[in-house]
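Scroll down for the structure; my scribbles are underneath it.
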Amino acid sequence: MKLWVVSMECAGLAEAGGVKNVTYSLCKEFSDLHNKVTLFIPVFACNSWDNVSNVERLGTTEVELCGKKVLIAYSHADFENFKVVFIHNPVFAEKEAVYTYTENEEAKNPLHKKGHGHEEALYMDVLFQKGVAAYARFIKKPEIPDIIHCQDASTSLLPALIKENKKFNSTKTVVTIHNAGPFYHHNFTSLGEAAWYTGLPTELLEKSMNGKSVEPFLVASNSQAYLTTVSEDYALEITDPKNEILTDGLSTIFAKNNIQIKGITNGFDFDRYNPLNKNASLLPFEFNPEKGDLDGKLKCRKFFIQNIVNTDNFDSSGVKKFGKLETSSDYTKEIYIAYHGRITNQKGIDILTQAIPAILSNFENVRFVIAGQGDSDLEDDLIELTKKYAGKVTFMNGYNRVIARLSSASCDFIVLPSEFEPCGLEDFIGQVFGTIPVAHKTGGLNKIIDGQTGFLYKENSALALVAKLSQVLTFFELKENVIRKMIKKASSNVRKEYLWKTVIQKKYLPFFKEILKK
């Protein structure tokens, strides 16, 4: 099968959110199964070239965008075991992150607030997708893909953009919805704006409206693309009209128009996190949660607190540190709770900041380790907690891959109070590192087996989170041996059920074969 994967991000090339891991693993595993895979991705200032080889300039072309001819350059290369086509334009090359402005960009221009989306985001989306569509000029008909797999809203106009090109007559298109929550739709604010950017037929755009906005996901569906999402439970949630607010109106439209969305739970790239391999996990010590060997995990905790949290003996580039931690001499008397991810309301940070004081007032031996970046007001709330509860809360503000992994691996539990969660990656990472998740029962977090591989709670409120954490902490203090058994089961379950190779062979390949027959 000839497969094109189209994404704004990919692990090891240009990294932002969870989409990067899905993109990388889809490309790698489909290629391992002897399919011909080509990834399309823009070139940002933040791109990594460490594992890219055989880079060759291919040529240039012009596309029509906002009433002007815009020049695009292409290069192709090898990345690990698959091909990559890079799309070049200054609007991408000047950006230091894939979707949002960085602190450095804000310093250069105060209007470009750190963590806020690029002001040219729609322009960038459409330019990238028109560049992918125009790539057909450089290839012969036998090289046309059987399937084009588009990752999230930023690439979901592509099925419509290739519609009139006869070269793609037999190509099937699939769009995966990674997040249907508010602010993730990349939607156009009006019919006129959508027409100005895309040049697509007015009739198609009118059919794809959500109120006054034009929705790329609806454009894809109305262009005969197949829609998927990243877990079975999330597929049910975003097609349920009751979740209109959580999807900014999309779920009502999906339900009304009987739009089918297939849920395929994301896999996990175990080899990139394997705690028995320091080179893969990036952790300073090795350990084996599946066999109950957690000695290296404790050593990771000591290293993390001694060299990163409480001193500056480690490269912490990309992270600002707030709050040190008080510990016992052997680091075993305290119970450590982690959070790693985006600092946003969707991830339940507002709930977590309300819950932390109650937990710390009732459990003297608890410590919180928070790592991530996002909404500046929520970041300020977390910084304030590190001051108010000195010695008990630390906040690693920013992103550093080693520090992010150590934050999770060093702790006993990882808390995931997401308002909604399409799939969830941090629960996988925690379980593989022997860190038990405590999560809101929503979307993809339902893959946690309550009481066996983690703990779930139903009502997502600070009160409910405090109650569940209090129950879990008390249980841990009284029956630590039961938690140890959970650690074994949780880490084993991820490796047995959720490897990407397993997900692709059992879910994606049958689905792709089915749509190719139609």
Asn47 side-chain N/O to Phe44 backbone N/O, donor-acceptor pair under 3.5 Å:
yes

Could you check whether Phe268 and Tyr273 have their ring centres less than 6.0 Å apart?
yes

Ignoring hydrogens and angles, tell me if any N or O in the side chain of Thr435 forms a donor-acceptor pair with the backbone of Cys411 under 3.5 Å.
yes

Taking atom CZ of Phe475 as the centre, does the number of heavy atoms from other residues, nucleotides or ligands within less than 6.0 Å exceed 12?
yes

Where the side chain of Lys347 meets the backbone of Gly341, is there a donor-acceptor pair that is under 3.5 Å apart?
no

I'd like to know if the side chain of Thr173 pairs up with that of Gln224 as donor and acceptor (distance under 3.5 Å, no hydrogens or angles considered).
no

Checking Asn222 side chain against Leu204 main chain: does a donor-acceptor pair fall under 3.5 Å?
no

Begin from the C-alpha positions of Ile429 and Arg405 and carry the test side-chain contact (heavy atoms from CB on, under 4.5 Å) through to its verdict.
CA-CA 8 Å; Ile429 295 172; Arg405 295 189 181 189; 5.6 Å; no

Donor-acceptor pair, side chain of Asp152 and main chain of His178, under 3.5 angstrom
yes

Does the side chain of Met8 come within less than 4.5 Å of Pro42's, by heavy atoms?
yes

Close side-chain approach of Gln151 and Val22, heavy atoms under 4.5 Å
yes

Would a 4.5 Å heavy-atom cut-off, applied to side chains only, mark Thr23 and Leu13 as touching?
no

Does either side chain, that of Asn243 or that of Ser251, offer a donor lying less than 3.5 Å from an acceptor on the other one?
no

Please determine, by modelled atom types, if Asp32 and Asn81 share a side-chain donor-acceptor pair under 3.5 angstrom.
yes

I want to check something: taking the side chain as every heavy atom from C-beta on, are Leu3 and Phe512 in contact at a cut-off of under 4.5 Å?
yes

I want to check something: taking the side chain as every heavy atom from C-beta on, are Tyr123 and Cys66 in contact at a cut-off of under 4.5 Å?
yes

Please report the closest heavy-atom contact between Glu193 and Ser190, naming both atoms and the distance.
N-OG, 3.1 Å

Donor on one side chain, acceptor on other, Ser461 and Glu459, under 3.5 Å
yes

To the nearest 0.5 angstrom, please state how far the OG atom of Ser7 sits from the CD1 atom of Ile41.
6.0 Å

Could you label the plane-to-plane angle of the Phe168 and Trp4 rings as parallel, tilted or perpendicular, counting under 30° as parallel and over 60° as perpendicular?
perpendicular

To the nearest 0.5 Å, what is the distance between CD1 (Ile337) and CD1 (Ile370)?
9.0 Å

Please report the closest heavy-atom contact between Ala355 and Ala462, naming both atoms and the distance.
CB-O, 4.2 Å

In Å and rounded to the nearest 0.5 Å, what is the CG to NE2 distance from Leu416 to His440?
11.5 Å

Just verifying a value: how many Å separate Tyr399 OH and Glu15 CD, rounded to the nearest 0.5 Å?
5.5 Å

Would you say the side-chain atoms of Thr239 pair up with the backbone N or O of Ala235, donor to acceptor, closer than 3.5 Å?
yes

State the OG-CD1 distance between Ser25 and Ile504, to the nearest 0.5 angstrom.
7.5 Å

More than 12 heavy atoms from other groups under 6.0 Å of NZ on Lys114:
yes

Hey, does the side chain of Ser221 reach the backbone of Leu218 with a donor-acceptor pair shorter than 3.5 angstrom?
no

Salt-bridged, Glu514 to Lys518, with N to O below 4.0 Å?
yes

Of Asp381, Leu469, Ile351, Leu385, the residue whose pairing with Ile356 passes side chain to side chain contact (heavy atoms under 4.5 Å, CB included):
Leu385

Residues Asn179 and Gln346: side-chain donor-acceptor under 3.5 angstrom
yes

Derivation and outcome, side-chain contact (heavy atoms from CB on, under 4.5 Å), residues Glu419 and Thr442:
CA-CA 8 Å; Glu419 182 180 10; Thr442 184; over 6 Å; no

Hey, are Glu80 and Tyr24 close enough side-chain-wise for a donor-acceptor pair under 3.5 Å?
yes

Strictly distance-based, threshold 3.5 Å: is any side-chain N or O of Tyr135 a donor or acceptor partner for the main-chain N or O of Ile87?
no

Begin from the C-alpha positions of Glu120 and Lys95 and carry the test side-chain contact (heavy atoms from CB on, under 4.5 Å) through to its verdict.
CA-CA 11 Å; Glu120 316 102 314; Lys95 301 297 187 297; 3.3 Å; yes

Verify the distance criterion only: is there a donor paired with an acceptor across the side chains of Asn258 and Gln260 at less than 3.5 Å?
yes

Quick one: does Tyr508's side chain get under 4.5 Å of Leu26's, heavy atoms only?
yes

Ignoring hydrogens, what is the shortest heavy-atom contact between Ala464 and Tyr457? Give both atom names and the distance.
CB-CD1, 4.2 Å

Any idea how Phe128 and Phe92 line up, ring-wise: parallel (<30°), tilted (30 to 60°), or perpendicular (>60°)?
perpendicular

Shortest non-hydrogen separation from Ala409 to Phe433 and the atoms involved:
CB-CD1, 3.6 Å

Can you give me the closest heavy-atom contact between Ile448 and Ala439, atom names plus distance?
CD1-CB, 3.7 Å

Between CG of Asn446 and CG of Leu236, what distance do you get to the nearest 0.5 Å?
9.5 Å

Using ring centroids (six-membered ring only for Trp), state whether Tyr101 and His118 fall under 6.0 Å.
yes

Within the 4.5 Å heavy-atom criterion, are Leu157 and Asp125 side-chain neighbours or not?
no

Of all residues at least two apart in sequence or in a different chain, which pass the ring-ring contact (aromatic ring centres under 6.0 Å, His included) check with Phe270?
none

I'd like to know whether NZ of Lys172 has more than 12 heavy-atom contacts from other residues, nucleotides or ligands below 6.0 angstrom.
yes

Side chains of Glu105 and Thr102 only: does a donor on one sit below 3.5 Å from an acceptor on the other?
yes

Can a salt bridge be assigned to the pair Lys242 and Glu237 using a cut-off of 4.0 Å between side-chain N and carboxylate O?
no

Strictly distance-based, threshold 3.5 Å: is any side-chain N or O of Asn165 a donor or acceptor partner for the main-chain N or O of Lys167?
yes

Around atom CD1 of Ile449, are there more than 12 heavy atoms of other residues, nucleotides or ligands at under 6.0 Å?
yes

Is there a donor-acceptor contact under 3.5 Å from the side chain of Lys447 to the main chain of Cys423?
yes

Check the surroundings of atom NZ in Lys83: do more than 12 heavy atoms from other residues, nucleotides or ligands lie under 6.0 Å from it?
no

Report the C-alpha distance between Tyr498 and Asn266 in whole Å, list the side-chain angles of each, state the deciding distance to 0.1 Å, and finish with yes or no for side-chain contact (heavy atoms from CB on, under 4.5 Å).
CA-CA 8 Å; Tyr498 291 104; Asn266 284 339; over 6 Å; no

Report yes if some heavy atom in the side chain of Gln431 is under 4.5 Å from a heavy atom in the side chain of Pro289; otherwise report no.
no

Between Glu64 and Lys130 the two heavy atoms that sit nearest each other are O-NZ, 2.6 Å

